[in-house]
Amino acid sequence: MIRFPSSLSEIEAPGANPPVIRAGSTDLTERRRLRMASGPLLDLRDLAGLDTIEWDPLGAATVGAKVHIAGAAADLALARAYPGFCAAAGALATPQIRAVGTVGGNLLQANRCWYYRNPDERCLKKGGAACLARAGDHLYHACFDLGPCACVHPSTLGMALLAYEASVMVHGGKDLTVQALYGDGSDVTGDHRLPPGALLTHVVLPPPQPREQAAYFRTISRARSEWPLVEVLVRLVVDDGTVSFARVAMGGVAPVPLRLTAVEAALVGQPAKAATFAKAAAIATDGAKPLPMTKYKLELVVGTVLETLERAGHATPSTTTAVVPAAEAAAAEATPAEAAAAETTPAQSDAKAAGKAEKAGGV
Amino acid sequence: MTNEISTTRRGFLRGSIGTAGAALVADAACSRPLELESGVGTQAPATVEAGERVPVSTTVNGKARSLEVHPDDSALDVVRKTLGLTGSKLGCGHGACGACTMQLDGTPVVTCLLPATALEGRTVITVEGLGAEGDDHGEPPETALHPVQRAFMAEDALQCGYCTPGFVVEAAAFHDAWRKEHGDSKPSRDEVAAALSGHLCRCGAYTQIYAAVQGACAGRFDAADSPVPRYDAHEKVTGKAAYTVDQQPKGLLHAKTLCSPHAHAVVTKLDWTRALAVPGVRGAISLLGESKKIRYAGQEIMALAATDERTAEEALLLVDIEYDVQPAAIGMAAALAPGAPVVYAAKSDRKHPANSSEGPLFPEPWEGNLRGPLKLFSKKDGQARKQLEKARAGEGTLVEGTWYTQVQCHTTLEPHTAMAQWSGEDELTLHLSTQAVHHMAGEIAERWGLKEERVRVLAQYVGGGFGSKATLTSEVVIAVELARVCGGPVLYVLDRRQDLMIGGNRPGSKCEMALATDAKGMLTAMRSVTHSDSGSAVGGVVGVMHRIVYPEAPREIHDYDVINHAPPGKPFRGPAGPQAYWALEQAVDQVAHIRGEDPVELRKRWDPNPARNALYTWVQTLPAWKDRPAHKADRGRYRRGMGLATAAWFSFTEPGCRIQIDAGPDGIVASTAAQDMGNGTRTSIACLIAESLGVPMRAIDVRVGDSHYVPGPMAGGSRTTASVVPSAQHAAEQLKEELVDLAKKHFSLRGAHAADGGVGHEGGKVPWSEVLAISPKISVVGRRKRDEGGYFLPPILGLAIERAIAGSLQVVELEVDTRLGHTKVLRTWGGYGVGRIVSPTLARSQAQGGIIQGISYALYEERRLDPGRGFLLTAGLEDYRIMGIGDVGEIHVHFDETGYEKIRGRSVGLAELVTLAPAAAIGNAMFHATGWRPHELPLRPDRVLQGVRG
């Protein structure tokens with residue numbers, strides 16, 4: 001069965017057998033094929049009102065859950081206010097997936113663990129008795145082993161929004177902070193803590209920081225289009241050469257996106273220079289609990305945090321103040337978010353890399 | 001006798017030792033009367049498919065369409081199957097490869113994941129609609145093509161063509177947006193890479209794709225005036241090339257298989273009664289042998305066919321199956337551990353094991369899971385041992401080490417696919433994604449006891465093979481048997497998970513290598529002991545490569561198979577080569593390093609091969625090589641280094657290859673039962689004949705991909721060029737003789753002779769077209785004549801080894817990021833000595849693709865199985881990583897066309913040679929950059945960081 005509600009009022013509170021909610025379906029289609037998500041569909045295709053980005057008087061954005069990832073990445077006003085978020089959105093998956101996948105879907109997608117995705121296997125997350133990766137091959141799994149499940153959380157945007165201290169609005173449930181949306185990794189029933197059948201309708205970002213320097217970077221083996229070994233988002237505000245504000249979040253390392261508050265604390269009040277970044281990056285592994293095959297990730301955690309801090313340190317501060325008039329934002333010469341996404345350039349040591357890093361916050 | 005359909009195979013040498021005369025899967029139930037182990041659905045043919053339908057109104061290629069779709073149908077399925085627009089392809093099924101890309105309201109999107117219901121009210125453009133708006137089936141003229149399509153043709157930005165529609169649709173959208181914003185300026189490589197980052201090309205046409213997209217954006221292809229070097233490029237850029245997966249005859253049934261989740265088990269119960277009762281299910285067959293034994297996870301147990309894929313999949317869930325699951329030995333260490341379960345315990349099981357090599361199986365000792373050693377390729381091994389002892393005692397130089405390689409999957413973007421249809425009980429037509437049209441027809445005739453002329457194998461377009469589609473494997477058996485049981489055409493397509501599991505793989509290896517020199521630095525001994533992990537197959541012969549290079553020194557060569565409960569290996573482009581050179585060429589580099597000697601000078605002293613010596617001379621003039629930095633010159637975060645490696649490959653030919661030319665007033669048709677999987681068979685034949693006649697390539701109508709034509713070569717072992725070139729030349733010569741005779745008589749010419757473009761005579765020239773216009777139908781058959789002086793190994797059941805060893809030299813410049821472990825190959829130079837190059841553009845494309853596959857193997861690719869139970873973990877193109885366009889640096893190709901005078905046609909094969917040395921060259925460049933000598937592939941970031949830290 002499939003339904004296409006056109007307004008939220010047509011979506012009743014989730015009952016005993018909640019439907020499977022479908023938006024872009026870039027994750028769901030495969031899970032339906034693998035019979036991991038069966039049952040009636042509630043398709044959001046015709047649902048009005050969730051595909052826009054709204055701004056409040058303080059300059060804070062509310063992003064509809066149906067906004068396409070590519071749309072978020074390319075939105076000039078959004079990139080001006082939240083450059084790190086847009087850079088992350090422009091760097092995840094592939095262009096053809098970003099064009100179809102939605103912001104809400106990205107937050108609520110299921111993890112990519114190769115045991116979980118095997119239709120013949122019943123792992124902990126599928127109601128089985130044990131995490132199969134733990135005893136098996138977990139080369140790409142958690143190095144912050146926080147829960148019974150050893151997978152890493154797949155949502156780049158979830159990680160990014162953690163650094164923005166964002167929250168989500170829920171139809172048929174309580175609104176949640178992004179932190180609460182994912183919890184601490186101890187819950188193995190899903191990859192998020194939204195009740196079944198509840199509909200995430202909007203992402204609410206707090207007002208942007210003025211003069212934010214942001215960068216997003218993912219460490220992968222190829223140049224592009226690969227799930228991260230480690231990914232990091234850094235937001236800095238630098239006043240007179242001193243870091244006055246820092247937010248650092250990391251993905252690809254734990255069953256939930258992590259915010260690195262110790263790293264943030266090591267940055268604030270310190271000069272925005274290499275020695276500070278190195279010192280802060282060195283404590284990014286505090287609390288890490290690697291699995292036997294993921295010890296290598298600890299070095300990548302330090303390297304990726306350092307890389308992203310340096311890129312943020314070189315980034316041009318955002319010019320957004322309190323309010324973003326739409327017309328002005330559109331006219332601004334913003335760098336498309338995709339170009340801002342930190343990538344491994346063909347010749348990595350070329351000055352280009354630094355140039356790119358500058359662009360990361362270059363709006 | 002093994003029971004597994006999917007593993008039993010022959011080597012490329014027909015009737016190979018050890019398998020001679022063995023019928024394939026002779027004890028599989030489906031080869032015998034089927035009463036007991038097959039069944040036919042009892043219900044009447046389903047008229048209305050059960051299930052919910054959703055109305056969808058959409059516009060596709062300018063035409064309004066009203067559709068009824070299932071809620072879970074993908075947009076791709078509906079466009080391909082309901083609308084019959086098969087240009088867009090299913091590659092991976094999860095958005096990683098981009099073959100399914102269409103434009104939705106002008107934006108490229110992933111359609112294998114996009115629900116068909118999402119097309120409501122939207123506008124779709126597929127490859128068929130590019131540049132020819134509103135016409136989704138018509139024949140757009142060349143001028144109606146999109147500039148990007150023309151650019152892909154002109155730059156030869158495609159090989160097998162399976163990924164091409166996706167690339168073209170994406171690139172067209174990028175081009176249109178770019179020109180709107182930037183006019184005719186050229187986008188950077190990085191900008192192109194970002195736009196195309198959601199596409200994978202397994203043939204490795206990336207260099208040409210960069211050129212095509214950049215050129216089109218710069219306005220170079222707005223007019224249709226560029227030459228098209230590849231004969232079948234137009235069909236591939238327009239989506240008209242029909243592959244086996246695109247076959248949709250009326251009444252088509254779809255097959256699905258039940259595969260074992262267990263690596264080692266006995267099936268104790270198999271009952272498909274409930275599955276057969278599902279409306280739409282038409283029949284089922286067992287694929288189990290008498291022993292009911294499972295030897296690897298993914299092994300096909302039974303198959304059924306239904307009116308549509310969803311019904312077949314749902315019916316499979318109703319099959320009642322029970323297993324007696326037994327402990328499995330996964331990987332070489334587990335297989336050799338004391339008390340390990342033995343994969344082939346009974347002597348009878350060992351008679352005809354699956355063969356992962358390209359050659360014959362030799363009789364070898366076999367204890368438990370260890371088969372070998374094969375010592376055949378040793379030479380003066382006693383002397384080699386003595387020389388090694390001397391070196392160990394301090395005389396000369398000694399290098400010893402153990403090198404490991406991973407299992408690599410072929411990953412053809414068109415998965416293994418077969419469609420079969422019977423006419424009566426004795427006539428069979430198949431569409432196969434195969435590298436061996438002619439040979440498959442023979443094997444199928446033999447296998448099913450049919451007359452060869454009653455079997456027709458068709459393969460107009462093949463979406464990659466790389467060795468995995470050269471033999472009769474399970475997909476053929478499943479399609480043929482189900483077609484018989486169900487009485488209708490049956491299509492069987494492996495899904496990506498299955499294809500990565502059982503579609504084929506290059507065996508992993510552990511190679512202990514030792515080289516000894518005397519005080520003067522001459523090679524005095526080589527020792528190689530290799531254990532190959534071909535899963536449940538045998539045939540590891542890495543040592544054969546160690547025999548044919550630096551051939552003068554004594555050597556002890558031992559090859560072992562370590563048989564374990566993993567899917568069987570298959571021949572993979574240059575079987576054994578990348579593994580062999582990974583070890584050997586790094587050891588040679590190490591000798592040069594220890595001796596403080598130039599690695600090219602060292603090789604020149606050791607190597608008498610003329611093809612490689614010409615390349616040594618070439619590389620010594622290469623500025624980048626001459627001016628390379630010192631060992632470990634960089635000490636910072638980024639470290640660059642250069643390395644080189646050589647490789648050798650055999651020259652094969654099929655003396656039985658024939659090319660028929662039929663000529664007359666309607667033109668010239670050249671035909672042979674060969675196939676073109678992107679290797680350029682059509683182009684080579686067209687080029688040769690056109691050149692001989694002095695006419696344009698397109699004047700020749702080349703037909704391949706049909707077993708009813710005269711016998712053509714298999715595409716395997718790099719034999720196509722060496723087979724078709726002499727045959728085409730011979731056919732063209734005969735045609736010219738006939739036409740000259742005819743013209744002489746008809747036009748009363750004096751001094752008539754064959755000239756460029758026609759019949760020359762004292763008074764001028766009569767063009768071929770005028771002679772053909774008055775000609776009766778002429779039919780000539782060109783043969784592949786013997787090489788001068790004969791062959792090194794005369795034809796054994798069709799395949800001869802020529803008296804020449806082809807040579808390659810690979811130079812690599814790479815950069816390592818010591819912070820994040822990332823390795824990037826910045827520049828490569830490949831030099832090849834393969835004689836005359838027939839089509840320079842296509843040869844260059846093939847070489848660059850082979851280099852890209854080699855780099856991909858060295859840096860990214862790695863099949864991983866669950867270590868305890870052996871099921872596939874890297875089951876999709878997200879986890880099984882092949883190189884993307886953004887990973888490709890500069891690639892330069894050099895051909896040395898000298899030599900090979902005694903080879904008929906003076907051309908030998910190129911396809912394997914180009915992919916053998918890249919990994920070893922990367923290993924040497926890594927050592928040069930960092931001082932760390934890598935021993936294990938692939939060079940993942942974690943390995944690089946560990947290696948560089950020491």
Side-chain angles (χ1 to χ4, degrees), chain A residues 1-2 4 22 24-30 32-33 35 41 43 45-46 70 93-97 99-101 112 114-115 117-121 132 135-137 139-140 219-227 229 296-297 299-300 303-304 306-307 338-339 341 343-349 352, chain B residues 52 54 71-72 74 93-96 98 101 104 107-110 112-115 117-118 120 170 189-190 193-195 197-198 261 317 637-638 640 815 817 819-822 824 826 859-860 864-869 871 873-876 878-879 881 883-884 886-887 889 940-942 945-946:
Chain A
M1 218 199 47
I2 186 165
F4 296 94
R22 182 160 89 179
S25 203
T26 52
D27 171 27
L28 186 62
T29 297
E30 193 189 23
R32 298 271 296 176
R33 238 177 246 152
R35 291 165 215 291
L41 286 167
D43 193 304
R45 183 188 72 188
D46 301 338
T94 70
Q96 304 102 293
I97 287 178
V100 171
R112 310 300 302 188
W114 48 29
Y115 288 93
R117 298 257 163 186
N118 186 319
D120 297 322
E121 296 300 320
L132 301 173
D137 184 336
L139 184 64
Y140 298 115
T219 293
I220 50 179
S221 66
R222 290 175 296 179
R224 286 188 173 81
S225 304
E226 192 170 293
W227 293 96
L229 297 168
Y296 75 93
K297 278 198 173 183
E299 187 169 0
L300 290 182
T304 310
L306 179 57
E307 180 72 23
E338 201 173 307
E343 285 151 353
T344 313
T345 52
Q348 304 161 87
S349 56
K352 262 164 99 183
Chain B
E52 189 183 0
V54 180
D72 282 314
S74 69
H94 52 222
T101 304
L104 187 65
T107 302
V109 298
V110 55
C112 69
L113 299 177
L114 183 75
T117 56
E120 174 66 31
E170 181 92 46
R189 273 171 78 97
D190 208 40
S197 60
L317 300 175
R637 171 178 172 182
Y638 295 101
R640 290 192 182 190
E815 182 179 83
D817 175 359
R819 176 185 282 177
L820 300 170
H822 189 261
K824 166 108 188 167
L826 301 174
L859 299 184
Y860 314 121
R864 297 182 74 90
L865 302 176
D866 177 71
R869 290 160 54 212
F871 52 84
L873 299 174
T874 47
E878 296 174 16
D879 292 321
R881 296 165 180 165
M883 194 154 167
D887 303 306
R940 299 187 315 243
D942 56 309
L945 286 180
Q946 197 186 13

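In what follows, every chain begins at residue 1, and chains take the letters A, B, ... in the order their sequences are listed.
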task = Measure from the side-chain N and O atoms of B:Glu52 to the backbone N and O of A:Ile2, and report whether any donor-acceptor pair falls under 3.5 Å.
result = yes

message = Is it the case that the side chain of B:Asp887 and the backbone of A:Ala223 share a donor-acceptor pair, with hydrogens and angles ignored and the cut-off at 3.5 Å?
response = yes

Top contributor to chain A contacts, counting heavy-atom pairs under 4.5 Å, from [options]:
options: B:Val109, B:Leu873, B:Leu945, B:Leu820; result: B:Leu873
options: B:Ala193, B:Ala96, B:Gly98; result: B:Ala193
options: B:Pro261, B:Gly868, B:Pro71; result: B:Pro71
options: B:Gly821, B:Ser74, B:Gly95; result: B:Gly95

Measure the spacing between [atom1] of [X] and [atom2] of [Y] and express it to the nearest 0.5 Å.
X: A:Leu139; Y: B:Asp942; atom1: CG; atom2: CG; value: 5.5 Å
X: B:Leu114; Y: A:Ser25; atom1: CG; atom2: OG; value: 8.0 Å
X: A:Leu132; Y: B:Phe871; atom1: CG; atom2: CZ; value: 6.0 Å
X: A:Thr26; Y: B:Leu113; atom1: OG1; atom2: CG; value: 6.5 Å
X: B:Gln946; Y: A:Tyr296; atom1: CD; atom2: OH; value: 12.0 Å

key: CA sep, side-chain torsions, deciding dist, call: B:Arg881, A:Ser221, side chain to side chain contact (heavy atoms under 4.5 Å, CB included)   = CA-CA 9 Å; B:Arg881 296 165 180 165; A:Ser221 66; 3.8 Å; yes

query = Should A:Arg112 and B:Asp879 count as side-chain neighbours, where that means a heavy-atom distance under 4.5 Å?
reply = no

ask   = Under a 4.5 Å cut-off applied to non-hydrogen side-chain atoms, are A:Phe4 and B:Glu120 in contact?
value = no

Toward chain A, the part of B:Leu104 with a non-hydrogen atom under 4.5 Å = neither

inquiry  = Using heavy-atom distances under 4.5 Å, tell me whether B:Ala118 contacts chain A through its side chain, its backbone, both, or neither.
reply    = backbone

Smallest separation among heavy atoms of [X] and [Y], with atom names:
X: A:Ser225; Y: B:Ser197; result: OG-O, 2.7 Å
X: B:Leu865; Y: A:Asp137; result: O-OD2, 4.3 Å
X: B:Pro115; Y: A:Gly24; result: CD-O, 3.9 Å
X: B:Thr874; Y: A:Trp114; result: CG2-CZ3, 3.7 Å
X: A:Arg222; Y: B:Glu878; result: NH2-O, 4.3 Å
X: A:Ala99; Y: B:Thr107; result: CB-CG2, 3.7 Å

So which residue, [options], ends up with the most heavy-atom pairs under 4.5 Å with chain B?
options: A:Leu300, A:Thr94, A:Asn118, A:Leu41; answer: A:Asn118
options: A:Ile97, A:Leu28, A:Asp43, A:Leu229; answer: A:Ile97
options: A:Leu306, A:Asp27, A:Thr304, A:Asp46; answer: A:Leu306

request  = Decide yes or no on side chain to side chain donor-acceptor pair (under 3.5 Å) for B:Thr117 and A:Arg22, but give the supporting numbers first.
outcome  = CA-CA 11 Å; B:Thr117 56; A:Arg22 182 160 89 179; 2.9 Å; yes

task = Check the side chains of B:Asp866 and A:Tyr115 for a donor-acceptor pair under 3.5 angstrom, ignoring hydrogens and angles.
result = yes

ask   = Can we say A:Glu121 and B:Arg869 salt-bridge, meaning some charged N sits less than 4.0 Å from an Asp/Glu carboxylate O?
value = yes

query = So, A:Arg224 and B:Asp190, do they make that salt bridge, N to O below 4.0 Å?
reply = yes

request  = Carefully, step by step, assess B:Arg637 and A:Glu307 under the rule salt bridge (Lys or Arg N to Asp or Glu O under 4.0 Å).
outcome  = CA-CA 12 Å; B:Arg637 171 178 172 182; A:Glu307 180 72 23; 2.6 Å; yes

